Amino acid sequence: MSKLYLVPTPIGNLKDMTLRAVEVLKTVDLILAEDTRTSGKLLKHFDVSTPMQSHHMHNEHKSIDGILQKLKSGLVLALISDAGTPAISDPGFLLTRACIENEIEVECLPGPTAFVPALVNSGLPNDKFVFEGFLPVKKGRQTRLILLAEETRTMIFYESPHKLLKTLRQFCEYFGEERPLSVSRELTKLYEETIRGTAKEVLNHYENNPPKGEIVICVGGKP
Ligand code: SAM
């Protein structure tokens, strides 16, 4: 029976791969991977020898028709990204939507994703939150920050290390220096850390300790 699985993969620690993720990847007909070289190493580690095909941001629109044809012919496919849950700031949304429109079953397995541990580690209210992913780099960035200054729920952002200081400075400017926030770095990896404090305190910390690695920022909502 045609079906698309979205299969989360570890965000650093290979032990976070679930038993079901391995089972599904071993039994599907084809794995769609964001980067077949990166995923090749992971699949080898878990003894998965299922064929792979690339499906990334740059070919997502074009490759959907071909993938739908495969699914309609009865194949079962799995989509994985380089790390974490597919479709969360990664390719997968367009394909999921196309499958639903074509009445093809979709199932996302639960598993690793960076924003959940970052939110829980932050100690900020998590009964309600908004996932903002990456802020726009240039166009629309200021408009988004002005809008978010009024947000009362905890906000979650993905960020790269070379843009962290700029973003923290803008949070001080738009949300105020006293706004509580946390920066979680290298989750599940050897040098994992979470720094918590006011926007100004966390900015001072990273001005003195240049950030490296992968980063999630959680910002308390407007009081
Ligand atoms: N699909 C992934 C997920 O489910 O979290 C997100 C992919 S997105 C392209 C990559 C971003 O996720 C990184 O720039 C960083 O903001 C965040 N991220 C991924 N792994 C992380 C980790 N181990 N620690 C902190 N942040 C991480």
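Treat the numbers as computed from the prediction; the structure is a model and nothing was measured. For ligands, and for the atoms within them, numbers begin at 1 and follow the listed sequence.
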Show which atoms of ligand 1 fall inside a sub-4.0 Å distance from at least one heavy-atom site of Val216. 25 (C), 26 (N)

Please tell me if the side chains of Leu187 and Glu214 come closer than 4.5 Å, counting only heavy atoms from C-beta onward. no

Please write down residue, atom name and distance for the protein heavy atom closest to atom 3 (C) of ligand 1. Thr113 OG1, 3.3 Å

For the residue pair Asn102 and Lys72, what are the closest heavy atoms and their distance? OD1-NZ, 3.0 Å

Going by distance only, is there an N or O of Ser81 that falls short of 3.5 Å from an N or O of ligand 1? no

Tightest non-hydrogen contact, residues Met155 and Phe175, listed as CE-CE1, 4.2 Å

Ligand 1 atoms nearer than 4.0 angstrom to some heavy atom of Lys189 are 23 (N)

Do side-chain atoms of Ser39 reach the backbone of Thr36 as a donor and acceptor pair under 3.5 angstrom? no

When only distance counts, is Ile88 in polar contact with ligand 1, meaning an N/O pair under 3.5 Å? yes

Flag for Thr167-Arg141: side-chain donor and acceptor within less than 3.5 Å: yes

In one Ile/Leu/Val/Met/Phe/Trp/Tyr side-chain cluster, 4.5 Å: Leu79, Val28: no

Any side-chain heavy atom of Ser182 sitting closer than 4.5 Å to one from Val202? no

For atom 5 (O) of ligand 1, what's the nearest protein heavy-atom neighbour? Residue, atom name and distance, please. Tyr158 OH, 2.6 Å

Rounded to the nearest 0.5 Å, what separates atom CG in Leu165 from atom CD in Gln170? 11.5 Å

List the closest protein heavy-atom neighbour of atom 7 (C) of ligand 1: residue, atom name, distance to the nearest 0.1 Å. Asp90 OD2, 3.2 Å

Test of proximity, Pro86 against ligand 1: N or O pairs below 3.5 Å: no

Which is closest to atom 22 (C) of ligand 1 in terms of heavy atoms, Ile156, Ile217, Leu187, Asp82? Leu187

Where is the nearest protein heavy atom to atom 16 (O) of ligand 1: which residue, which atom, and how far? Ile215 O, 2.6 Å

Closest to atom 18 (N) of ligand 1 (judged by heavy-atom distance), picking from Pro161, Ala114, Gly213, Gly12: Ala114

Is the shortest distance from a Lys or Arg side-chain nitrogen in Lys166 or Glu159 to a carboxylate oxygen in the other one below 4.0 Å? no

Could you tell me, atom by atom, which parts of ligand 1 come under 4.0 Å of a heavy atom of Ala83? 1 (N), 2 (C)

Which heavy atom of Leu77 sits nearest a heavy atom of Leu32, and at what distance? CD2-CD1, 3.9 Å

I'd like to check which ligand 1 atoms, numbered from 1 as shown, lie under 4.0 Å from a non-hydrogen atom of Phe134. 8 (S), 11 (C), 14 (O)

Among non-hydrogen protein atoms, atom 8 (S) of ligand 1 lies closest to Ser89 O, 3.5 Å

Please list the nearest protein heavy atom to atom 19 (C) of ligand 1 with its residue and the distance rounded to 0.1 Å. Glu214 OE2, 3.6 Å

Atoms in ligand 1 with a heavy atom of Glu159 nearer than 4.0 Å: 14 (O), 16 (O)

Just jot down the ligand 1 atoms closer than 4.0 angstrom to any heavy atom of Thr85, in number order. 1 (N), 3 (C), 4 (O)

Below 30° counts as parallel, above 60° as perpendicular, anything between as tilted: where do the rings of Tyr158 and Phe115 land? tilted

